[in-house]
J.: 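Got a structure here, written out as structure tokens. Questions coming.
The first residue in the sequence is number 1, and the count goes up from there.
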Amino acid sequence: MIRSHHLCAILPAQIHVLEMTSAALLNLMKTAIDHAGLKAVGEIARTFDPQGISAIVILEESHVALHVWTERQKVTIDIHVCDYQANNLPKAEKLSHLLEAAICLESDRAQWHYFCLSETPD
């Protein structure tokens, strides 16, 4: 069975997150990914004029995307992992907690949404 987990949220961002460079945001993401036990294999970030950053880290298990909305003082987080060889949901949940702790002043798990897609082999 192939299973895909998707966790997403729109969260209020601390001032230091809104002031980060794209390199700093990617570093924050890769540190959290490593601590969650997932494996980063690629990355890209784009800084927008006059404000905002989108950063994506490609995982061996799928991807993580953060979008900083400076003018709204928000960050959107999308975490997508697949269970091709192991159940990666606990790692994705740990990553969501780590990113939330790094981005927000306080936790608000009610802002998170979870979707799971499953496909059984033919």
Side-chain angles (χ1 to χ4, degrees):
M1 173 187 295
I2 298 172
R3 185 170 292 145
S4 172
H5 306 283
H6 186 193
L7 291 92
C8 59
I10 301 173
L11 303 172
Q14 297 182 61
I15 294 299
H16 81 274
V17 174
L18 300 172
E19 296 172 347
M20 282 184 167
T21 63
S22 60
L25 187 62
L26 282 169
N27 188 52
L28 179 149
M29 293 170 72
K30 291 186 296 184
T31 298
I33 287 164
D34 185 54
H35 285 121
L38 296 164
K39 184 175 180 185
V41 296
E43 64 191 57
I44 190 166
R46 168 86 170 144
T47 302
F48 296 96
D49 185 24
Q51 60 209 1
I53 300 172
S54 289
I56 301 166
V57 176
I58 306 302
L59 304 175
E60 192 172 75
E61 303 83 2
S62 195
H63 68 274
V64 178
L66 267 63
H67 306 282
V68 178
W69 296 78
T70 309
E71 69 278 16
R72 302 274 188 207
Q73 298 160 350
K74 303 277 186 186
V75 174
T76 63
I77 303 174
D78 295 292
I79 300 169
H80 186 205
V81 298
C82 298
D83 284 354
Y84 179 65
Q85 295 182 346
N87 177 7
N88 287 313
L89 179 57
K91 293 176 182 180
E93 289 172 334
K94 182 174 182 179
L95 179 58
S96 73
H97 287 281
L98 291 167
L99 289 173
E100 184 176 37
I103 291 169
C104 299
L105 287 173
E106 54 188 61
S107 177
D108 185 359
R109 296 309 290 177
Q111 297 303 312
W112 285 90
H113 303 279
Y114 170 71
F115 308 95
C116 179
L117 298 172
S118 297
E119 179 181 282
T120 56
D122 294 334

J.: Using 0.5 Å steps for rounding, measure from the SG atom of Cys116 to the NE2 atom of His5.
T.: 5.0 Å
J.: Applying side-chain contact (heavy atoms from CB on, under 4.5 Å), can you list everything that pairs with Ala24, at least two apart in sequence or on another chain?
T.: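 If we apply the side-chain contact (heavy atoms from CB on, under 4.5 Å) test to Ala24, skipping adjacent residues, the hits are Met20, Thr21.
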J.: With the side chain counted from C-beta on, respond yes when Val68 and Leu18 share a heavy-atom pair under 4.5 Å apart, and no when they do not.
T.: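 They are in contact (side-chain heavy atoms under 4.5 Å apart), so the answer is yes.
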J.: Which atoms form the tightest heavy-atom contact between Gln14 and Ala101, and what is the distance?
T.: NE2-O, 4.0 Å
J.: When rounded to the nearest 0.5 angstrom, what is the spacing between NE2 in His16 and CD1 in Ile103?
T.: 8.5 Å
J.: Show me the donor-acceptor pairs within less than 3.5 Å that the side chains of residues 32-41 make with the rest of the protein, sequence neighbours left out.
T.:
residue: His35; atom: ND1; partner: Thr31; partner atom: O; Å: 3.0

J.: What are the two closest non-hydrogen atoms of Leu59 and Val64, and how far apart are they?
T.: CD1-CG2, 3.7 Å
J.: When the side chains of residues 70-77 are checked against the rest of the protein, which donor-acceptor pairs come out under 3.5 Å, sequence neighbours left out?
T.:
residue: Thr70; atom: OG1; partner: Gly52; partner atom: N; Å: 3.4
residue: Glu71; atom: OE1; partner: Gln51; partner atom: NE2; Å: 3.3

J.: Not counting sequence neighbours, which residues clear salt bridge (charged side-chain N to carboxylate O under 4.0 Å, His left out) with Glu93? List them please.
T.: none
J.: Tell me whether Leu66 shares a hydrophobic cluster with Ile15, the cluster being built from Ile, Leu, Val, Met, Phe, Trp, Tyr side chains joined at under 4.5 Å.
T.: yes
J.: With rounding to the nearest 0.5 Å, note down the distance linking CD1 in Ile79 to NE2 in His6.
T.: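 Output value for this atom pair is 8.5 Å.
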J.: Are Leu28 and Leu11 co-members of a hydrophobic cluster defined by side-chain heavy atoms under 4.5 Å apart?
T.: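 Linked, Leu11 and Leu28 end up in one cluster.
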J.: Does Val81 reach the side chain of Leu95, with side-chain heavy atoms less than 4.5 Å apart?
T.: no
J.: Lys94: what forms a salt bridge (charged side-chain N to carboxylate O under 4.0 Å, His left out) with it, not counting sequence neighbours?
T.: none
J.: In Å and rounded to the nearest 0.5 Å, what is the NE2 to CH2 distance from His97 to Trp112?
T.: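 Taking NE2 in His97 and CH2 in Trp112, the distance rounds to 8.5 Å.
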J.: Look at the side chain of Asp78 and the backbone N and O of Cys8, then say whether any donor-acceptor pair between them is shorter than 3.5 Å.
T.: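 A pair under 3.5 Å: no.
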J.: Leu99, Leu89: one ILVMFWY side-chain cluster at the under-4.5 Å cut-off?
T.: yes
J.: Which residue pairs pass the side chain to side chain donor-acceptor pair (under 3.5 Å) test with at least one member in residues 59-69, sequence neighbours excluded?
T.: Ser54-His67, Ser62-His80
J.: Measure the CG-CD1 distance between Leu25 and Ile53 for me, rounded to the nearest 0.5 Å.
T.: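 It comes to 5.5 Å.
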J.: Between Asn88 and Asp83, is there a donor-acceptor pair closer than 3.5 Å when you use the side chain of the first and the backbone of the second?
T.: no
